[in-house]
Amino acid sequence: MDRNVEIKARIASIEAMHPIAAALADGGPTPIAQDDTFFACDAGRLKLRDFGDGRGELIFYRRADDAGPKTSFYVRTPTTDPAGLRDALTRAYGAVGRVRKARTLFLAGRTRIHLDRVEGLGDYLELEVVLRDGEAAEAGVAEAHELMARLGVEPTALVEGAYVDLHA
């Protein structure tokens, strides 16, 4: 399974954070529409991401719901029929929530910086520091803390869980 270290934080606005993220990035911005459907899953989280253009991916992941940087283990599998897969998974496991967002992706080295406008929730920043095989999670945690500081993200802005939990 692939791994990364993640944080999620509330931000005042994407428009205010955009130039700061752009100044740190060496790639992007890339706009991405995402429609995520979450399914019942006792072993972690299972979601189907629909990009709205006939492409999608099924993502299984496992991570703590802590507010600070945390390690996430994940598997991504592409699909060319997200609507059909959503129907099959809903019938098999039951859908437990749906999250629609407009994401702007920046790349800063090995870190994905996401500026997310989440329908019904507002604006968020998400960092994903991709870990190398065998690399200690502490290296990713340190990198996440450094980027948080450079982006001006205060620890009080960090949120627990996934966007789907915030809808509850």
Side-chain angles (χ1 to χ4, degrees), residues 2-38 44-76 78-79 82 97-132 137 139-168:
D2 292 324
R3 299 178 304 137
N4 63 28
V5 171
E6 298 184 19
I7 67 102
K8 187 183 315 293
R10 283 186 172 79
I11 58 175
S13 76
I14 287 176
E15 292 77 15
M17 185 61 73
H18 194 280
I20 302 167
L24 295 174
D26 47 34
T30 304
I32 307 169
Q34 296 181 343
D35 181 351
D36 294 345
T37 303
F38 287 77
R45 293 185 191 263
L46 183 65
K47 69 181 173 185
L48 176 67
R49 175 163 288 160
D50 186 339
F51 295 108
D53 61 1
R55 296 177 309 116
E57 58 187 5
L58 185 63
I59 304 166
F60 168 76
Y61 66 99
R62 204 171 35 236
R63 71 168 185 245
D65 285 333
D66 302 333
K70 61 230 162 234
T71 304
S72 177
F73 300 87
Y74 62 93
V75 177
R76 297 179 344 182
T79 180
R98 197 153 179 184
V99 176
R100 293 177 183 91
K101 63 185 170 282
R103 170 167 280 177
T104 302
L105 167 67
F106 291 95
L107 299 174
R110 65 178 174 162
T111 300
R112 296 184 291 253
I113 301 171
H114 303 146
L115 302 181
D116 293 337
R117 180 153 287 148
V118 184
E119 186 177 291
L121 293 178
D123 292 351
Y124 291 82
L125 165 80
E126 189 175 89
L127 299 177
E128 295 177 348
V129 182
V130 179
L131 298 172
R132 294 180 288 278
V141 169
E143 194 167 321
H145 278 296
E146 178 187 336
L147 279 169
M148 284 172 53
R150 294 177 69 189
L151 290 161
V153 175
E154 296 293 329
T156 56
L158 296 176
V159 296
E160 297 177 358
Y163 293 132
V164 70
D165 302 326
L166 301 176
H167 276 296

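Excluded from the calculations below are hydrogen atoms, water molecules and symmetry mates; all remaining heavy atoms, backbone and side chain alike, are included.
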Asks: Considering non-hydrogen atoms only, spot the tightest contact between D53 and D50 and give its length.
Replies: N-OD1, 4.5 Å

Asks: Check the surroundings of atom CZ in R110: do more than 12 heavy atoms from other residues, nucleotides or ligands lie under 6.0 Å from it?
Replies: yes

Asks: Would you mind reporting whether M17 and D123 have side-chain heavy atoms less than 4.5 Å apart?
Replies: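 When only atoms from C-beta onward are counted, M17 and D123 do not touch, as no gap falls below 4.5 Å.
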
Asks: Tell me if a side-chain donor or acceptor on R49 pairs with a main-chain N or O of T37 at a distance below 3.5 Å.
Replies: no

Asks: Would you check if M148 and L158 make a side-chain contact, meaning some heavy-atom pair closer than 4.5 Å?
Replies: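 M148 vs L158: side chains touch.
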
Asks: Show the nearest heavy-atom pair for residues A21 and L115, with the distance to one decimal.
Replies: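 Answer, listing the atom of A21 first, then L115: CB-CD1, 4.4 Å.
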
Asks: Can you tell me how far apart CD (E160) and NZ (K8) are? Round to the nearest 0.5 Å.
Replies: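 Rounded to the nearest 0.5 Å, the CD-NZ separation comes to 12.0 Å.
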
Asks: Determine the minimum heavy-atom distance between L121 and Y163, stating which atoms define it.
Replies: CD1-O, 3.6 Å

Asks: Taking E6 as the fixed residue, which of K70, R112, R63 is the one that meets the salt bridge (Lys or Arg N to Asp or Glu O under 4.0 Å) rule?
Replies: R63

Asks: Got a second to check how far L127's CG is from E146's CD, nearest 0.5 Å?
Replies: 11.0 Å

Asks: Check whether any side-chain heavy atom of D65 sits under 4.5 Å from a side-chain heavy atom of R45, and report yes or no.
Replies: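 When only atoms from C-beta onward are counted, R45 and D65 do touch, with a gap below 4.5 Å.
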
Asks: Quick check: closest heavy atoms across V5 and A137, and the distance to 0.1 Å?
Replies: CG2-O, 3.7 Å

Asks: Considering non-hydrogen atoms only, spot the tightest contact between P31 and P29 and give its length.
Replies: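 That closest heavy-atom pairing would be CD-O, 4.0 Å.
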
Asks: Please report whether the ring centroid of F106 lies less than 6.0 Å from that of H18.
Replies: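 Judged by ring-centre distance (under 6.0 Å), H18 and F106 do meet the cut-off.
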
Asks: Less than 4.5 Å apart, side chain to side chain, heavy atoms only: is that true for Y74 and E128?
Replies: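 Of all side-chain heavy-atom pairs linking E128 with Y74, none is under 4.5 Å.
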
Asks: Below 4.5 Å, heavy atoms only, C-beta onward: do L58 and T79 meet side chain to side chain?
Replies: no

Asks: With the side chain counted from C-beta on, respond yes when V75 and D2 share a heavy-atom pair under 4.5 Å apart, and no when they do not.
Replies: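 A side-chain contact under 4.5 Å is absent here.
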
Asks: Out of curiosity, T71 OG1 to R62 CZ, how far, rounded to the nearest 0.5 Å?
Replies: 12.0 Å

Asks: Which of these passes salt bridge (Lys or Arg N to Asp or Glu O under 4.0 Å) with D36: R100, K101, R98?
Replies: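 With D36 as partner, R100, K101, R98 yield a single salt bridge (Lys or Arg N to Asp or Glu O under 4.0 Å), made by K101.
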
Asks: Is there a side-chain contact between L147 and I7 (heavy atoms, below 4.5 Å)?
Replies: no

